[in-house]
Amino acid sequence: MAARGLLGAVLKVGDCAGLVVETEAYLGVSDRAAHAFGGRRTKTNEALYGPAGTVYVYQMRQYCLLNVVTQPATIPQCVLIRAVEPIAGVAAMAMRRGRSGPAMTSGPGKLCQAFGITLADNNRAVNQGRVQLIWPGRTPALIRATPRIGVPNKGTATTAALRFFVAGNANVSDMKKRAIDPNGGWQ
DNA sequence: GGATGGATCAGCT
DNA sequence: GCTGATCCATCCT
């Protein structure tokens with residue numbers, strides 16, 4: 001699954017970069033939690049119907065969320081990037097976030113603020129705009145799966161284990177202190 | 001450590 | 001009007 005394949009990839013925006021450590025899969029028309037559920041297509045989610053590698057930025061309240069389309073055009077599936085481990089441009093990210101440490105990029109809204117990702121980056125091809133994904137990055141020692149976050153009361157969409165993260169990485173959202181691996185969860 | 005409520009806003013109904 | 005793929009401060013145990 002594409003959501004697992006993104007773990008360990010390098011996300012690069014301008015001079016800032018980080019390793020993807022947490023993702024969620026959104027399975028298109030059959031997924032009640034997806035914006036394209038039932039084939040819904042509006043100006044806002046138009047990017048979902050682009051080719052694989054299209055950036056889909058969704059704004060929620062005062063934050064933006066970063067997605068990457070994973071299937072050919074007209075098949076609206078995507079992966080939400082929920083958290084990264086900062087590896088470059090840390091000072092710039094800390095300034096934009098007003099915070100440092102794990103709280104800087106350990107959530108979908110947080111990492112977009114840290115990298116300066118906005119709706120201006122929506123509906124553009126990865127590696128042809130400011131947002132880039134680069135392989136190889138690092139290899140997770142262990143990938144864990146749980147239900148997605150913020151998807152209540154939607155039957156199987158709520159219970160399905162479609163959230164994936166690098167086990168033990170300190171930048172994963174809601175990571176318990178006891179569960180942190182000193183090696184960052186990498187091989 | 002866990003639960004709660006407010007901030008805040010574009011887009012859809 | 002209403003509704004979120006959120007975040008943070010501030011309670012409480």
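The chains referred to below are lettered A, B, ... by the order of the sequence lines, with proteins before strands, and numbering in each begins at 1.
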Practice item. Write down the distance between CG (A/Asn122) and C1' (B/dG11), rounded to a whole number of angstrom. Key: 13 Å
Review point. Can you check whether A/Thr44 has a side-chain N or O nearer than 4.0 Å to OP1 or OP2 of B/dC12?
Key: yes
Check your understanding: Between A/Leu119 and A/Arg61, which is nearer to the 5' end of DNA chain B once each is assigned its nearest nucleotide?
Key -> A/Arg61
Review point. Rounded to the Å, how far apart are A/Phe37 CZ and B/dC12 P?
Key: 18 Å
Check your understanding: For the side-chain contact (heavy atoms from CB on, under 4.5 Å) test, which of A/Val151, A/Val69, A/Leu48 pairs with A/Tyr26?
Key -> A/Val151
Review point. With respect to the phosphate group of B/dC12, does any side-chain polar atom (N or O) of A/Thr42 fall under 4.0 Å of OP1 or OP2?
Key: yes
**Study point:** Close side-chain approach of A/Asn169 and A/Glu85, heavy atoms under 4.5 Å
**Key:** yes
Check your understanding: Are side-chain heavy atoms of A/Asn171 and A/Val21 found at a separation under 4.5 Å?
Key -> yes
Point to revise | A/Phe115 six-ring centre to A/Arg96 NZ/CZ under 6.0 Å and within 45° of normal | key: no
Revision key, fill the gap. Under a 4.0 Å heavy-atom criterion, DNA chain C is touched by chain A from C/dG4 to C/dA9
Check your understanding: Base, sugar-phosphate, or nothing: which does A/Gln62 touch, judged by heavy atoms less than 4.0 Å apart?
Key -> base
Exercise for review: Considering non-hydrogen atoms only, spot the tightest contact between A/Pro86 and A/Met93 and give its length.
Suggested key: CB-CE, 3.7 Å
Practice item. Provide, to the nearest angstrom, the distance between the OH atom belonging to A/Tyr58 and the C1' atom belonging to B/dC9. Key: 10 Å
Review point. If each of A/Gly150 and A/Arg97 is mapped to the nucleotide of DNA chain C with the nearest heavy atom, which maps nearer the 5' terminus, i.e. the 5' end?
Key: A/Gly150
**Study point:** Heavy-atom closest contact (A/Ile149 atom, A/Arg163 atom, distance)
**Key:** CD1-NE, 3.6 Å
Exercise for review: Indicate, with a heavy-atom threshold strictly under 4.0 Å, whether A/Arg163 touches base, sugar-phosphate, or nothing.
Suggested key: nothing
Exercise for review: Give every residue pair that meets the side chain to side chain donor-acceptor pair (under 3.5 Å) criterion with at least one member in residues 51-75 of chain A, sequence neighbours excluded.
Suggested key: A/His35-A/Tyr56
Exercise for review: Looking at every strand, decide which applies to A/Arg99 at a 4.0 Å heavy-atom threshold: base, sugar-phosphate, or nothing.
Suggested key: sugar-phosphate
Point to revise | Taking every non-hydrogen atom, the tightest pair across A/Ala83 and A/Ser173 | key: CB-N, 4.4 Å
**Study point:** Consecutive-pair stems (at least three Watson-Crick or G-U pairs, under 3.5 Å) that include DNA chain C
**Key:** B:1-7 with C:6-12, B:9-12 with C:1-4
Point to revise | Spacing between A/Arg40 atom CZ and B/dC12 atom P, to the nearest angstrom | key: 7 Å
Review point. Whole Å only: how far is the CE atom of A/Met60 from the C1' atom of B/dA10?
Key: 12 Å
Point to revise | A/Arg82 and A/Glu24 ion-paired at < 4.0 Å | key: yes
Check your understanding: Are the side chain of A/Asn45 and the backbone of A/Arg40 linked by a donor-acceptor contact shorter than 3.5 Å?
Key -> yes
Check your understanding: Which sits closer to the 5' end of DNA chain C, A/Ile149 or A/Gln113, going by the nucleotide each is nearest to?
Key -> A/Ile149
Study note, to complete from the structure: Separation of B/dG11 atom P from A/Leu48 atom CG, nearest Å, is 15 Å
Check your understanding: Whole-Å distance between B/dG11 P and A/Gln59 CD?
Key -> 7 Å
